[in-house]
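Here is the structure we will look at, set down as structure tokens.
Worth saying up front: this structure is predicted, and the values here are computed from it rather than measured. Here is the naming used below: chain letters follow the sequence lines, and residue numbers restart at 1 for every chain.
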There are 2 protein chains.
Amino acid sequence: MKSVDTPTNCMQCPLRSSLFESLGRKELSCVHLNKREVVMEPGEQLVRSGDKITHFLYLQSGLLKLFTESDSRREQIISISRPRDFVGLLNIFSDTHHRYSMSAITDVRFCMIEVDCIKQLVDNNGFFARELLKNMSIAVDHILKDSYNLRSLQMHGRVAYVLYELSTEIFGSTGFELPLSRKEVGQMVGVSTENVIRVMSEFRQDGIIRIEGKKIYVLEPERLRLLTIRG
Amino acid sequence: MKSVDTPTNCMQCPLRSSLFESLGRKELSCVHLNKREVVMEPGEQLVRSGDKITHFLYLQSGLLKLFTESDSRREQIISISRPRDFVGLLNIFSDTHHRYSMSAITDVRFCMIEVDCIKQLVDNNGFFARELLKNMSIAVDHILKDSYNLRSLQMHGRVAYVLYELSTEIFGSTGFELPLSRKEVGQMVGVSTENVIRVMSEFRQDGIIRIEGKKIYVLEPERLRLLTIRG
DNA sequence: CGCGGCTTTGATGTTCATCAAGTAAAGTGG
DNA sequence: CCACTTTACTTGATGAACATCAAAGCCGCG
């Protein structure tokens, strides 16, 4: 973890979330004064479950994973955070300590804002609070949707689900560099590493995807989508 | 669904949630004027997924289930709401329509408060907003915890998980009347009805529980608890 | 009474994790 | 830069876990 030398000024941040639109000059400058800007490398761990919650994290660039760590062999990935996400928003208001761990998947850059600063904003600015509720709601919806969709699928559908979401939601392109190992794909959807590989091979043989090292090309998005809803 | 003739006055409601502590007389009377009080019988459906969100529901007594209904054969139960829960709080701020369905498990009695009324409170009262965030956070935490705990267990652990939670969290007693059918237990944890029965029989034969019709007595809570964390 | 839903038990087959074993790729220290 | 270790990836074989099918008893309800 390395602090950025020349942090962005919040007032003119090009990545500024809609969440902050409702803030006045004074409130925004308070955010600015109570934040740090940080970069991390792939694999570095930002948060360990059980750590005290001290900051509110806003991801500027890169990808993070949120995961459980109870048993190292049975690590489960809960969600992937994307640029412009508030990370680990889930239990910031219900808990003093993090419930899940976070690691950088790619190079990442993010802001750290003191939680007390955020709590004050909630208390004093109802519109901000409502935006925050909305933000949180959307994040949760997404996690639950995935979680319950996956539960009704078996392994082919599950692997298809990951590939389809990466293609449509994370990268917005049929071709992309897979940011996860086969093992991590398995940990996202509850399939063993070996079977992730087998299923991906089948998809390749069936002409649904093309694999070139870490690069994945979705050749038949529609067939992939169908797999995510019926098996 | 039947409206209650003599609704409780919110000002002196004995069930009043901590959420409303921060409200002044005027705000509370606004809630009072914008609410209905309703009772329903077991099996009645309050909400169908896709319905417009018009009210904020506060459960006074009884149990509700929140479930997916995409495929009737593959209904999945997401959570059980208890008295004093705000029901379906999850997507009230991110969505205009319900994403999940709700049914009464037992006889239930609840209040329906106009969502616009709640939104106004959030906008005007930061403390209320913060309490709401906290409430929502806790509800979500609980659902995610269950969801990811269950994913790491196989069927014995899963069934044990339901029984243990019912005993400790819902009823707070080692003896209770099982409010769910075997099928519903299965839908909560992703196990077939037949296997729920088989596992419960094994637990009975092993002396972990006693079954008398709908009544369940947990004879060995500790063994049940161990099953929920290791298999 | 008979019908449909819930419960129960046994038998069968599928899905999938796990084990084993080998290859490729990527870091590590001399 | 090369031997060495470790980690990721791949394939096949095996067995366990579990869904599904089938059949029968049970209960509440119209």
Query raised in the report: Can you tell me if A:Glu37 and A:Ser3 form a side-chain donor-acceptor pair at under 3.5 Å?
Result: no
Requested in this report: Would you classify A:Ser201 as touching base, sugar-phosphate or nothing, given that sugar-phosphate means primed atoms plus P, OP1 and OP2, and contacts are heavy atoms under 4.0 Å?
Outcome: sugar-phosphate
Query - Flag for A:Asp141-B:Ser94: side-chain donor and acceptor within less than 3.5 Å - result: yes
Query raised in the report: Ring centres of B:Phe67 and B:Tyr100 under 6.0 Å apart?
Result: no
Requested in this report: Measure from CZ on A:Arg204 to P on D:dC9 and round the result to the nearest Å.
Outcome: 14 Å
Report summary line: Atom CD1 of B:Ile197 and atom C1' of D:dA24 are separated, to the nearest Å, by 13 Å
Requested in this report: Using a 4.0 Å heavy-atom cut-off across all strands, classify B:Ser181 as base, sugar-phosphate, or nothing.
Outcome: sugar-phosphate
Query raised in the report: Is the shortest distance from a Lys or Arg side-chain nitrogen in B:Glu75 or B:Lys65 to a carboxylate oxygen in the other one below 4.0 Å?
Result: yes
Query raised in the report: Nearest of D:dT20, C:dT18, C:dT8 to any side-chain atom of B:Arg182?
Result: C:dT8
Query raised in the report: Under 4.0 Å: is that the gap between some side-chain N or O of A:Lys214 and OP1 or OP2 of C:dA25?
Result: no
Query raised in the report: Does B:Tyr164 have B:Arg225 sitting over its ring (NZ/CZ under 6.0 Å from centre, angle to axis within 45°)?
Result: no
Report task. Whole angstrom is fine here: how far is it from CE in A:Met155 over to C1' in D:dA17? Result -> 14 Å
Requested in this report: Remember a base hit wins even if backbone is also touched, and classify B:Gly190 as base, sugar-phosphate or nothing at under 4.0 Å, heavy atoms.
Outcome: sugar-phosphate
Query raised in the report: Is B:Gly213 touching bases, backbone alone, or none of the nucleic acid, heavy atoms closer than 4.0 Å?
Result: nothing
Requested in this report: Can you tell me the distance, in whole Å, between the CG atom of A:Asn195 and the P atom of C:dC19?
Outcome: 14 Å
Query raised in the report: Starting at NZ of B:Lys183 and ending at P of D:dA19, how long is that distance when rounded to a whole Å?
Result: 15 Å
Query raised in the report: When you check the phosphate oxygens OP1 and OP2 of C:dT9, does a side-chain N or O of B:Arg198 lie under 4.0 Å from one of them?
Result: no
**Report entry** D:dC9 base / A:Glu194 side chain donor-acceptor hit below 3.5 Å
**Finding:** no
Query raised in the report: Taking atom P of D:dC9 as reference, at what distance in whole Å does atom CD1 of A:Ile211 sit?
Result: 11 Å
**Report entry** Whole-Å gap separating C1' (C:dA17) and CG (B:Leu153)
**Finding:** 16 Å
Query raised in the report: Looking at five pairs on each end of the helix from C:dT7-D:dA24 to C:dG30-D:dC1, what is the angle between the two axes, given to 10 degrees?
Result: 40°
Query - A:Phe110 and A:Tyr58 aromatic centres sub-6.0 Å - result: no
Query raised in the report: Taking atom P of C:dC16 as reference, at what distance in whole Å does atom NE2 of A:His156 sit?
Result: 8 Å
Query raised in the report: So, B:Glu69 and B:Ser101: side-chain donor and acceptor under 3.5 Å apart, yes or no?
Result: yes
